[in-house]
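Just so it is clear, the structure is predicted and the values come from calculations on it, not from any experiment.
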Amino acid sequence: MRLHLDNFTKCFDGTPVIEGLNLTVEDGEMLALLGPSGCGKSTTLLSICGIYRADGGRILFGDRDVSALPSQRRNVGVVFQNYALYPHLTVEENIAFPLTVQKKRTDKAEVARQVREIAELIHIEALLSRRPAQLSGGQQQRVALARALVRKPDVLLLDEPLANLDAKLRLEMRSEIRRLQLETGITAILVTHDQVEAMSMCDRVAIMDKGEILQIDSPTEMYRAPANRFVAGFLGNPPITFLDGQTAQEGRFAMAEGLTLPLPAHLRNMPAGRPIALGLRPEHFGHGGAGQASGRVTFVEPQGREMLFDVQAAPGVTLRSIQPTRDDVAIGDEVTWSIDADRMLAFDADGRRL
Amino acid sequence: MTRNFALFPLMVVIILVSLPLMTMYGFLILDTFTDAPPGELWPDEFTLRHWRFLWDMSAAGNVWMATLNTAVLALSMVAVVVPVSSLAGYAISRLNLPYRRFFLAGILVMHAFPAVTLLIGVFFVLKFTGLYNTMIGVILVKGALMLPFGIWIMKGFYDAVPWEIEMAGVQDGASRLTVFWRLIVPQVKPGLVALSVFAFLDGWGEYLLPRVLAPGSEMTVMSVLLNQLIAGDDIGFDFNLFKTVGVFYTLPVIALFVIFQNRLMTIFGGGTKG
Ligand SMILES: Nc1ncnc2c1ncn2[C@@H]1O[C@H](COP(=O)(O)OP(=O)(O)OP(=O)(O)O)[C@@H](O)[C@H]1O
Ligand SMILES: [Mg+2]
């Protein structure tokens with residue numbers, strides 16, 4: 001079902017945390033809400049499911065305005081960060097709980113059948129008689145998913161569902177959640193502050209900061225063409241390097257520290273003397289291109305397949321490069337590497353991308 | 001083996017220190033079944049004479065009536081304190097009540113307040129409402145005095161239940177009441193059990209309030225009866241009878257402790273385990 005937030009506002013103690021937020025999640029789409037801690041992701045999520053009451057605007061499920069409805073009547077499935085399983089009930093009873101509290105009674109056999117069906121979908125048939133305390137983190141996560149999905153909700157909300165898992169399980173559950181979402185065709189919102197999670201699991205990513213959505217786009221598009229400096233800095237690991245300077249003569253860019261580079265092609269005829277910032281991603285330094293920078297290698301971080309280099313190109317200016325692992329460069333070496341100037345991102349003084 | 005060995009000196013010290021206590025308890029039990037010649041320590045005859053108060057009402061007054069009264073008082077404490085504390089504790093712990101801080105502070109102060117100082121005021125209130133010299137009056141006053149403790153304990157147990165469980169319950173479509181009853185109460189069950197036992201024991205052992213607020217003979221509870229035994233003006237004061245009634249009075253307490261000792265510990269630990 002299509003989900004739409006229209007001018008949504010939420011205040012805590014009179015101060016707005018989120019003001020006039022507009023967001024549409026298409027039917028069957030999985031959208032990531034990505035942003036730094038405290039930006040209002042959980043607040044948005046909890047308002048959609050009805051635990052918080054919106055202070056303004058509308059929340060629409062399809063054409064139905066649910067803003068005034070209590071949680072119980074919104075038909076939203078939620079997976080909480082700590083799973084919130086009911087410790088005194090077995091897995092089976094946990095999953096059955098949403099069915100047993102419904103107004104119109106489902107008979108026992110039907111409940112058991114639906115629980116079994118969802119358990120098979122999520123691969124936890126073998127765990128049904130256990131209690132939550134006897135499950136691993138990943139298994140608890142699956143049970144929480146099953147409980148959220150058993151009612152066939154209109155929308156599935158996931159608040160940092162992978163934050164409590166170790167790295168390997170996280171990888172596994174990432175694809176597992178995505179598989180379930182695609183198989184059930186449910187509209188889903190994933191809240192996370194992990195960009196890899198957001199980009200790998202979702203159709204579109206919405207980047208939030210200070211209660212505002214800065215950009216909504218597909219992961220690739222957002223990485224390639226971030227709307228502003230914040231988004232550019234948020235996506236990418238290792239992160240982008242920002243160079244603050246000015247446009248100079250002949251389509252070049254100059255920093256007060258002495259480093260000069262060619263401007264990206266579409267900005268070559270900008271007048272000189274404008275303050276701008278260039279963003280250089282590590283994969284565009286040392287991989288060919290029109291510009292170049294030389295300096296001393298100050299740091300080398302081997303990551304197995306790749307290596308990360310910090311190069312001091314001017315006093316106080318450190319450029320970062322990621323390259324396939326090589327043994328011919330060590331800390332202290334002087335290097336001259338190319339910069340793919342045309343793929344650098346440029347931002348004006350207000351942080352908007354040029 | 002080595003561990004036990006290391007504990008050995010500790011055990012010796014503990015036994016030495018508690019020896020006088022254990023001796024006293026030993027003689028307490030022993031004396032209820034035996035008679036010793038005057039001035040002697042060791043008994044020389046077995047007798048059930050000291051237990052005659054169970055059938056002979058002239059020995060120590062109407063013991064069965066007093067037992068019944070005490071049981072009524074103790075069970076009423078459970079009936080009053082446990083439901084009210086479990087609801088009030090939930091409200092204090094979870095609901096966004098107006099004046100919540102004021103309530104919290106009030107409960108703490110009342111918990112620490114010496115109840116004796118209220119006695120005269122309470123006496124006048126009961127006189128005025130016609131509840132003086134009734135069991136109901138004693139139950140209400142005793143219950144009210146115990147509530148701060150009960151509420152505080154239950155609040156602690158509710159605080160240990162994660163918010164998310166409640167949110168998840170509401171999300172799953174359950175009403176607040178269903179969530180409370182089916183999801184929250186089961187999590188605080190150890191607290192309920194412990195508080196019930198505490199309330200019962202507190203009511204069972206109460207002396208002051210029944211003594212002052214319900215002095216009528218048909219309202220006598222065990223503690224008051226026991227007191228009358230020694231405070232009596234008889235010349236032939238029977239020490240062994242007094243001990244025997246005391247043991248009789250203590251039996252339910254010991255039984256409860258044996259059955260619930262593990263549960264009682266949770267009141268200090270707070271929350272469920274495993
Ligand atoms: N119950 C509340 N009362 C007052 N302020 C709150 C409350 N809940 C959240 N806030 C404030 O609202 C803002 C957004 O909080 P929110 O929990 O939505 O952040 P978040 O994006 O989920 O962060 P995180 O990634 O750390 O979970 C924060 O500044 C927070 O301090
Ligand atoms: Mg959050």
Side-chain angles (χ1 to χ4, degrees), chain A residues 12-13 42 45-46 48-53 69-89 93-104 106 131-134 140 143-161 164, chain B residues 82 86 89-91 93-102 104 154-196 262-263 265-267 269-274:
Chain A
F12 283 118
D13 313 318
S42 300
L45 203 78
L46 294 179
I48 294 173
C49 67
I51 284 169
Y52 291 156
R53 211 36 85 78
L69 289 184
S71 299
Q72 289 93 338
R73 292 176 49 204
R74 290 198 188 183
N75 198 21
V76 182
V78 185
V79 175
F80 293 91
Q81 178 173 338
N82 57 7
Y83 320 134
L85 299 178
Y86 311 133
H88 59 295
L89 301 179
E93 289 163 339
N94 260 283
I95 302 175
F97 184 81
L99 299 175
T100 58
V101 297
Q102 272 171 347
K103 275 263 158 49
K104 70 171 175 51
T106 326
R131 282 182 199 275
Q134 302 164 323
Q140 290 186 24
V143 176
L145 265 170
R147 191 181 63 189
L149 288 173
V150 73
R151 228 166 24 134
K152 309 214 162 41
D154 295 332
V155 183
L156 176 66
L157 305 179
L158 306 145
D159 192 354
E160 315 221 8
N164 288 355
Chain B
V82 174
S86 50
Y90 179 78
S93 162
R94 282 296 206 266
L95 305 184
N96 197 3
L97 295 173
Y99 305 113
R100 182 169 168 275
R101 291 187 61 84
F102 174 76
L104 270 179
M154 286 317 294
K155 174 192 176 293
F157 276 90
Y158 286 120
D159 284 347
V161 179
W163 259 111
E164 278 86 358
I165 295 222
E166 218 153 327
M167 291 193 203
V170 168
Q171 266 336 297
D172 286 344
S175 67
R176 247 352 243 275
L177 199 67
T178 312
V179 169
F180 175 71
W181 192 243
R182 284 185 54 187
L183 300 181
I184 306 299
V185 168
Q187 323 266 340
V188 297
K189 231 189 207 150
L192 291 177
V193 173
L195 184 61
S196 304
N262 291 334
R263 305 287 194 111
M265 286 305 159
T266 63
I267 220 168
T272 28
K273 294 247 162 57

For each of Arg147(A), His88(A), Gln134(A), tally heavy-atom pairs with chain B at distances under 4.5 Å, and name the one with the top tally.
His88(A)

Could you tell me which of Val76(A), Leu99(A), Asn82(A), Thr100(A) has the largest number of non-hydrogen atom pairs under 4.5 Å with chain B?
Asn82(A)

Do the side chains of Pro186(B) and Leu89(A) get nearer than 4.5 Å, heavy atoms only?
no

Is there a donor-acceptor pair under 3.5 Å between the side chain of Tyr86(A) and the backbone N or O of Arg182(B)?
no

If you count every heavy atom of other residues, nucleotides or ligands that lies below 6.0 Å from Arg100(B) atom CZ, does the total exceed 12?
yes

Quick one: closest heavy-atom pair of Ala174(B) and Gln72(A), and the distance?
O-NE2, 2.9 Å

Taking C-beta and beyond as the side chain, do Trp163(B) and Ile51(A) meet within less than 4.5 Å on heavy atoms?
no

Please find the pair of heavy atoms, one from Pro87(A) and one from Ile165(B), that lie closest to each other, and give the distance.
CD-CD1, 3.5 Å

Flag the one option from Thr178(B), Val170(B), Val161(B) with the top tally of heavy-atom pairs under 4.5 Å to chain A.
Val170(B)

d(Asp172(B) CG, Ile95(A) CD1) to nearest 0.5 Å is 11.0 Å

Checking heavy-atom separations under 4.5 Å from chain B, one finds in residues 149-158 of chain A Arg151(A)

If only atom types and distance count, is the side chain of Gln171(B) paired as donor or acceptor with the main-chain N or O of Cys49(A) below 3.5 Å?
yes

